[in-house]
Amino acid sequence: SESVTPAMSAWELFSLSDQWVSVRQVIRVYSEDNSSRAVEVPSDITARDICQLFVLKNHCIDDHSWTLFEHLTHLGIERTIEDHESVLEVQSNWGMDSDSRLYFRKNYAKYEFFKKPLDFFPENMVSISSEANGLMNHSQLIQTFLNSSTCPEIHGFLHSKEQGRKSWKKFYFVLRRSGLYFSNKGTSKEPRHLQFAAEFCDSDVYTLLSARKTHGAPTDYGFCVKPSKSSSARDLKLLCADDEQTRTCWITAMRLFKFGMQLYQNFIQPHQKQKSSPMRSISENSLVAMDFSGQRSRVIENPSEALSVAVEEGLSWRVRLTSPSTFNQMSIHMAQPWFHSKLSRDEAHKLITQHGLIDGVFLLRDSQSNPKTFVLSLCHTQRIRHFQILPVEDDGELFYSLDDGNTRFSDLLQLVEFYQLNRGVLPCKLKHHCARTTL
């Protein structure tokens, strides 16, 4: 019998565990820079398995946000492949001539609605009722989606495009467990006024990548419902929201109606594994501050002293790093994963959107309008804002600042580290950086 040796790669280790389980096939996975890698996988492999495989191979930090996307280029749409879904089953629905791809990248918003449901479901768009309990508290929203005996409802206006027509019309839509409906009489929800639009048992919800350009939509916040077995544009149910929060609400609710408790299981599974794994049993709370400056090491119990030592160590590390023999201080940001140099405003918007529109997703880039300045692009309340980072000169020394020189930093790395710990003039702290992965 074969044995696993320490020298085996992540690919070999993954392959060995499944080689006798099922027939193996080759798939190709792409990253944001369109680099790709072909890998042989068992026929029953799931999206989570693929993500774990590439996390191991690329030595990524597994923060449970890595996601596999289905990208249908000929239709201009894409969606998150849920962690439990069979990847080869998804591929089996692609047309032979279609340019369809699997993308591996982060999606920080994938399960954020379990943590902050009120950010995803505006109160004016949700009705919650139960035959047993009558009206339910809005804070119990997620439980009502997961509980098949309750009847949550999403409602509001959406633009809809009929097949064969160029124009979009605005209708009042209602989303229920039984499907998506629109009213042919204002906002009436009476059964005689509701017309069936789509169901989700054999369909999936996708984001339109260029709603205005490709489909002539009134806004860029387009999405659609596509039958799983179809790859034809004629079968798309095209919809468009007035803003990002509204689109996110509809798409999230459709995912919950389709997959229900399975989504919650996908969400908690990595955390359960983390608790049971001895390799990951160390939490931040179990770490202690140590002083190694003397002949003998000692534990630092005073929080103020611990902070002082940390700052001193950070400064000495930066002095070593920015010395002429190692690195130029003004260029220290170039090696950071959150810096994207010549990225334009639109490209920054697209990259952040791809990583998930939740609070704290950010990147830094060169300013397009002023070559000597930089820009911090940050997501807050599902909107992307751009903050100018200005150079400030004082006594011949150059600093960087976000607040007209009131708070100064000798380099961009210091600036990012500060705003990761302090909100300062920003609407929220910097939490999740956008990084491009090369496969």
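For clarity, every value in this text was computed on a predicted model and none was experimentally measured.
- With hydrogens and angles disregarded, a donor-acceptor distance shorter than 3.5 Å links the side chain of E347 to the backbone of S344.
- Side chain of N422 to backbone of F418: a donor-acceptor contact under 3.5 angstrom is found.
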Trace of the salt bridge (charged side-chain N to carboxylate O under 4.0 Å, His left out) decision for E153 with K189: CA-CA 11 Å; E153 179 183 279; K189 296 182 185 179; 2.6 Å; yes
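- In terms of modelled atom types and a separation under 3.5 Å, the side chain of S36 and the main chain of N34 share no donor-acceptor contact.
- The two residues V225 and F200 make their nearest non-hydrogen contact at CG2-CE2, 3.8 Å.
- Here the side chain of E417 pairs no donor or acceptor atom with the backbone of Q414 at under 3.5 angstrom.
- L363 and L351 get closest at one heavy-atom pair: CD2-CD2, 3.8 Å.
- Ring geometry for Y264 versus F267: interplanar angle of 30 to 60°, hence tilted.
- Between the Q52 side chain and the R48 main chain, no donor and acceptor come within less than 3.5 Å of each other.
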Go through F399 and F409 one step at a time and tell me if the ring pair (Phe, Tyr, Trp, His ring centres under 6.0 Å) criterion holds. CA-CA 5 Å; F399 300 92; F409 305 93; 9.4 Å; no
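- Across all their heavy atoms, D359 and T381 have their closest contact at OD1-N, 2.7 Å.
- V26 and A38 make their closest contact through CG1-CB, 4.0 Å (heavy atoms, listed as atom of the first residue, atom of the second, distance).
- A side-chain N or O of S341 and one of D366 form a donor-acceptor pair less than 3.5 Å apart.
- Here D403 does not pair with R408 in a salt bridge; the nearest charged N to carboxylate O distance is not below 4.0 Å.
- A salt bridge is absent between D242 and R247: the closest approach of a Lys/Arg side-chain nitrogen to an acidic carboxylate oxygen does not fall below 4.0 angstrom.
- Ring geometry, Y172 versus F157: the interplanar angle exceeds 60°, so the pair is classed perpendicular (tilted spans 30 to 60°).
- When every heavy atom of P152 is checked against every heavy atom of R177, the shortest pair comes out as CD-NH2, 3.8 Å.
- Ring-plane geometry between Y108 and H432 is classed as parallel, the angle between the planes falling under 30 degrees on a 0 to 90 degree scale with a further cut at 60.
- Below 30°, between 30° and 60°, or above 60°: for F104 and W66 the angle between ring planes is below 30°, a parallel geometry.
- A salt bridge links E78 with R105: the distance from a Lys NZ or Arg NE/NH1/NH2 to an Asp or Glu carboxylate oxygen falls below 4.0 Å.
- With salt bridges taken as basic N to acidic carboxylate O contacts below 4.0 Å, one links D63 and K106.
- Annotation: R212, atom CZ; neighbour count of heavy atoms from other residues, nucleotides and ligands within 6.0 Å is above 12.
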Evaluate the salt bridge (charged side-chain N to carboxylate O under 4.0 Å, His left out) criterion for residues E32 and R436: first the C-alpha distance (whole Å), next the side-chain angles of each, then the deciding distance (0.1 Å), finally the verdict. CA-CA 6 Å; E32 293 107 327; R436 282 183 166 157; over 6 Å; no
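- Formation of a donor-acceptor pair under 3.5 Å by the D62 side chain with backbone atoms of H64 is found in this model.
- Using cut-offs of 30° and 60° for the angle between ring planes, the H433 and F362 rings count as perpendicular.
- Between N370 and S367, the side chains place no donor N or O within less than 3.5 Å of an acceptor N or O (distance only, hydrogens not considered).
- Judged by distance alone, the side chain of K429 and the main-chain N or O of Q420 form no donor-acceptor pair under 3.5 Å.
- Aromatic ring orientation, H333 versus F339: perpendicular (interplanar angle above 60°, classes split at 30° and 60°).
- When every heavy atom of N93 is checked against every heavy atom of S231, the shortest pair comes out as O-CB, 4.3 Å.
- Between F182 and F171, the distance from one ring center to the other falls under 6.0 angstrom.
- Under a 3.5 Å cut-off, the side chain of N147 and the backbone N or O of Q143 do not form any donor-acceptor pair.
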